[in-house]
2 protein chains.
Amino acid sequence: MGKATKRTVTIRDVAAAADVAVGTVSRVLNDHHSVTKQIRERVQKTILTLGYQRNAIAQSMRSARTKMVACAIRDFDIPAFASYVKAAEATFRSAGYTFILASTANAKDVELSLLQTFSQRRVDGVMMTMSDETDPDLVNAISHAAMPIVLIDRELVQSVDSVSADHRAGARQATEYLLSLGHRRIALLVGDPKAYPSRSRIDGYTEAHRCLGISVDPHLIRDRLLSNEATFRETAALLGRSERPTAIYAAGVDMLSGPLRAVRTAGLVVGQDISIISGNDSDLAELNTPPITALRWDRSEMGRHAAEMLLDRIDHGRQSPPRRIRLPVSLVVRGSCRPL
Amino acid sequence: MGKATKRTVTIRDVAAAADVAVGTVSRVLNDHHSVTKQIRERVQKTILTLGYQRNAIAQSMRSARTKMVACAIRDFDIPAFASYVKAAEATFRSAGYTFILASTANAKDVELSLLQTFSQRRVDGVMMTMSDETDPDLVNAISHAAMPIVLIDRELVQSVDSVSADHRAGARQATEYLLSLGHRRIALLVGDPKAYPSRSRIDGYTEAHRCLGISVDPHLIRDRLLSNEATFRETAALLGRSERPTAIYAAGVDMLSGPLRAVRTAGLVVGQDISIISGNDSDLAELNTPPITALRWDRSEMGRHAAEMLLDRIDHGRQSPPRRIRLPVSLVVRGSCRPL
DNA sequence: GCGGTTTGTGGAAACGGTTCATTGAAGGCG
DNA sequence: CGCCTTCAATGAACCGTTTCCACAAACCGC
């Protein structure tokens with residue numbers, strides 16, 4: 001004991017204790033072939049007895065690789081997001097990477113400042129969404145970042161890899177279903193059209209109408225619905241109009257509870273007085289009375305794909321052309337829509 | 001351009017370009033007072049023109065502080081967990097810390113290996129749960145870790161800070177409520193009693209019975225229910241028994257969907273044929289028909305408290321005695337329980 | 001105008017790994 | 001036996017910061 005300064009034990013301490021050079025210890029740690037079995041074992045024993053723990057900071061410093069990836073996403077307490085974040089984290093971890101997570105609250109300045117933080121931390125790659133695909137600052141920061149980036153559910157930046165769901169096809173399918181049941185006043189609830197999902201949902205919705213020669217009432221399209229409260233208020237307002245919609249397609253993510261509350265508040269019954277389709281499947285949709293018809297895609301696969309894409313970029317460089325994966329979306333028909 | 005090796009620009013490049021010493025640049029970066037206004041501005045301009053980005057790795061290397069904290073939790077795609085993880089992340093970020101997230105899948109070996117990873121990465125602190133509070137390996141690893149740790153909803157390791165909810169009081173309240181309605185066969189569904197929440201829920205449930213002199217049928221306590229499928233199966237089995245329970249207290253986290261499915265499958269109606277209390281409030285509970293009576297506590301506050309506690313430890317050392325915060329749990333009465 | 005203090009800047013030594021050139025020993029071959 | 005090659009291990013340089021010591025200039029009071 002004695003002075004017992006309790007310094008953390010370094011590779012140099014190990015080298016001294018095992019009576020070898022530091023380089024040799026390093027080679028043992030990295031499974032380099034040119035170490036005698038005898039010395040290897042001696043060093044390994046010393047590592048155990050001293051309780052040596054390799055310092056990842058020093059390692060990153062020298063190798064210029066941190067084995068860390070970062071993920072910046074609007075809000076990971078939304079189950080739909082959490083499930084692909086989880087899949088991504090698992091993929092990264094099994095590849096030996098550590099996962100940094102941050103939420104952007106869909107704010108441009110947060111997104112930019114996180115990109116800077118990640119860059120200063122020298123993460124090996126980034127997985128993210130952005131609030132506005134048309135913003136030049138964001139586009140510039142993302143396409144000129146020092147590390148590879150994979151976008152989630154964003155497609156506008158042509159030079160960057162992305163993984164998304166085919167929201168346009170999904171929206172079209174949902175809308176066609178409602179139209180086929182005879183609905184003509186279908187409210188569409190979406191988020192910000194400056195981002196891919198809402199934009200393509202509006203496209204799909206419009207397309208479905210146009211293909212059947214049905215005109216779209218622009219008042220029925222309500223966008224920029226970014227909170228449950230906003231969605232609730234907007235739905236309530238729609239239900240209060242003289243010619244209220246006969247169906248609601250709540251297309252945005254995590255957007256079901258607002259309309260359900262509003263419908264209940266208005267004293268209406270889902271599946272009788274009004275039809276509802278949810279843009280995302282969930283326990284809430286499945287277990288509601290009546291169960292809610294919903295769109296669905298494999299979110300775990302989305303996270304896995306994104307992670308694998310990013311790992312591939314990290315390993316094989318940025319020269320190959322950007323890749324784009326678009327996952328299929330399907331409609332799960334339940335009991336919340338009735339024919340008119 | 002010329003050779004254009006595109007090395008990242010370092011503090012040395014800045015020093016050379018601004019014609020000062022590296023130490024001076026460092027002092028400008030760290031807002032050290034003893035730099036002339038004139039030199040400070042010259043250096044700052046150089047930093048901007050060269051596009052210098054401070055290397056956090058090198059900084060950590062030298063200062064032995066990473067400004068990173070890690071969080072290891074069973075499963076962050078469970079909304080109840082995600083909401084306090086989110087609050088914690090926000091707190092850490094506003095304090096200048098970067099947040100590492102990993103899920104343990106409630107497995108001891110994952111927990112141990114994550115602790116090692118965090119330790120190798122020299123994170124400044126850890127926020128976590130563990131699968132088994134009685135496991136000596138885990139207890140040892142946690143109480144002798146190199147960095148401060150705050151436990152979430154775990155209380156057995158006396159030497160470590162913790163933040164939890166008062167599950168025992170909550171369970172007692174829920175059980176007393178059901179007993180007061182005349183229920184005598186109340187099924188209790190919980191997770192693993194080796195962890196604090198389930199253990200204290202069983203305590204609270206038992207206590208409520210004992211205080212009224214009512215005996216507990218051990219067959220009605222179903223523990224180790226760690227997945228939705230297991231909970232579904234167990235509930236279905238209970239409902240199939242000759243003397244089926246008149247009430248179900250689904251106490252575990254994210255445990256409501258299983259019983260709801262089982263009740264529906266059995267052709268029963270919640271609030272009429274059987275009463276249900278959920279151990280966690282959620283959209284699903286609130287929007288169900290009928291709305292489900294549930295326990296509730298402030299999860300964001302839980303995450304915030306944990307983060308603040310950890311930051312305090314990081315700043316002020318580990319000599320002060322361990323702190324323990326236990327948040328109150330309250331019962332939100334809705335329409336899912338009827339008097340017998 | 002001179003000793004002593006204060007202030008601003010330069011330069012170098014750390015931090016803990018990895019890697020590369022170097023060396024010494026051992027082995028193979030004519 | 002001497003030369004060439006191969007193989008193991010050594011020791012030092014390096015990664016990009018921070019911090020500490022040294023030093024010179026400026027300032028102070030007497």
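Sequence lines set the chain letters: A, B, ... in the order given, protein chains first and strands last, and positions in each chain run from 1. Treat the numbers as computed from the prediction; the structure is a model and nothing was measured.
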Please tell me which of the listed nucleotides, [options], lies nearest to the side chain of [X]?
X	options	value
A/A58	C/dG16, D/dA9, D/dA12	C/dG16
B/T36	C/dG16, D/dA12, C/dT9	C/dT9
B/S34	D/dT17, D/dA8, C/dG8	C/dG8
A/I11	D/dG11, C/dG17, C/dG11	C/dG17
B/T8	C/dT9, D/dT19, D/dG16	D/dG16
A/R62	C/dG10, D/dC15, C/dT9	D/dC15
B/Y52	C/dT18, C/dG17, D/dT17	D/dT17
A/T10	D/dT17, D/dT10, C/dG17	C/dG17
A/N55	C/dG10, D/dT17, C/dG16	C/dG16
A/R27	C/dG17, D/dG16, D/dA9	D/dA9

In whole angstroms, how far is the [atom2] atom of [N] from the [atom1] atom of [X]?
X	N	atom1	atom2	result
B/R65	C/dC15	CZ	C1'	15 Å
A/I47	C/dG16	CD1	P	16 Å
B/H32	D/dC20	NE2	C1'	11 Å
B/D13	D/dC15	CG	P	11 Å
B/R40	C/dG8	CZ	P	10 Å
B/D19	C/dG10	CG	C1'	12 Å
A/Q38	D/dC7	CD	C1'	15 Å
A/N30	C/dG16	CG	C1'	13 Å

### Query
After noting the C-alpha distance and the side-chain angles of B/L115 and B/M147, does the key distance pass the side chain to side chain contact (heavy atoms under 4.5 Å, CB included) rule?
CA-CA 10 Å; B/L115 273 174; B/M147 58 281 180; 4.2 Å; yes

### Task
Begin with the C-alpha distance, continue with both residues' side-chain angles, and end with the deciding distance and a verdict on side chain to side chain contact (heavy atoms under 4.5 Å, CB included) for A/R323 and A/D312.
CA-CA 11 Å; A/R323 287 200 296 159; A/D312 187 69; 4.2 Å; yes

## Note on the structure
Contacts of A/V20 and A/R12 projected onto DNA chain D by closest heavy atom; the upstream (5') one is A/V20

### Query
Which comes earlier along DNA chain C counting from the 5' end, the contact point of B/M61 or that of B/G23, where each point is its nearest nucleotide?
B/G23

N or O in side chain of [X] less than 4.0 angstrom from [N] OP1/OP2:
X	N	value
B/S26	D/dT18	yes
A/Q59	C/dT18	yes
B/T24	C/dG10	yes
A/R122	D/dC15	no

### Query
If you look at every strand shown and take non-hydrogen atoms under 4.0 Å, does B/I57 touch a base, only sugar-phosphate, or nothing?
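No contact at all - B/I57 keeps every heavy atom at 4.0 Å or more from the nucleic acid.
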
### Query
Base, sugar-phosphate alone, or nothing: which one does A/V25 contact when heavy atoms must sit under 4.0 Å apart?
nothing

### Task
Check B/R74, B/K194, B/E111, B/R154 against B/S131 for a side chain to side chain donor-acceptor pair (under 3.5 Å) and give me the one that passes.
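Of B/R74, B/K194, B/E111, B/R154, side chain to side chain donor-acceptor pair (under 3.5 Å) with B/S131 is met by B/E111 alone.
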
### Query
After noting the C-alpha distance and the side-chain angles of B/D75 and A/K86, does the key distance pass the salt bridge (charged side-chain N to carboxylate O under 4.0 Å, His left out) rule?
CA-CA 8 Å; B/D75 231 339; A/K86 179 188 168 188; 2.8 Å; yes

### Message
Which heavy atom of A/R313 sits nearest to which heavy atom of A/S320, and what is that distance?
### Response
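Distance-wise, the nearest heavy atoms are NH1-OG, 2.7 Å.
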
### Query
About how many Å separate CG of B/N55 and CD of B/Q53, when rounded to the nearest 0.5 Å?
10.0 Å

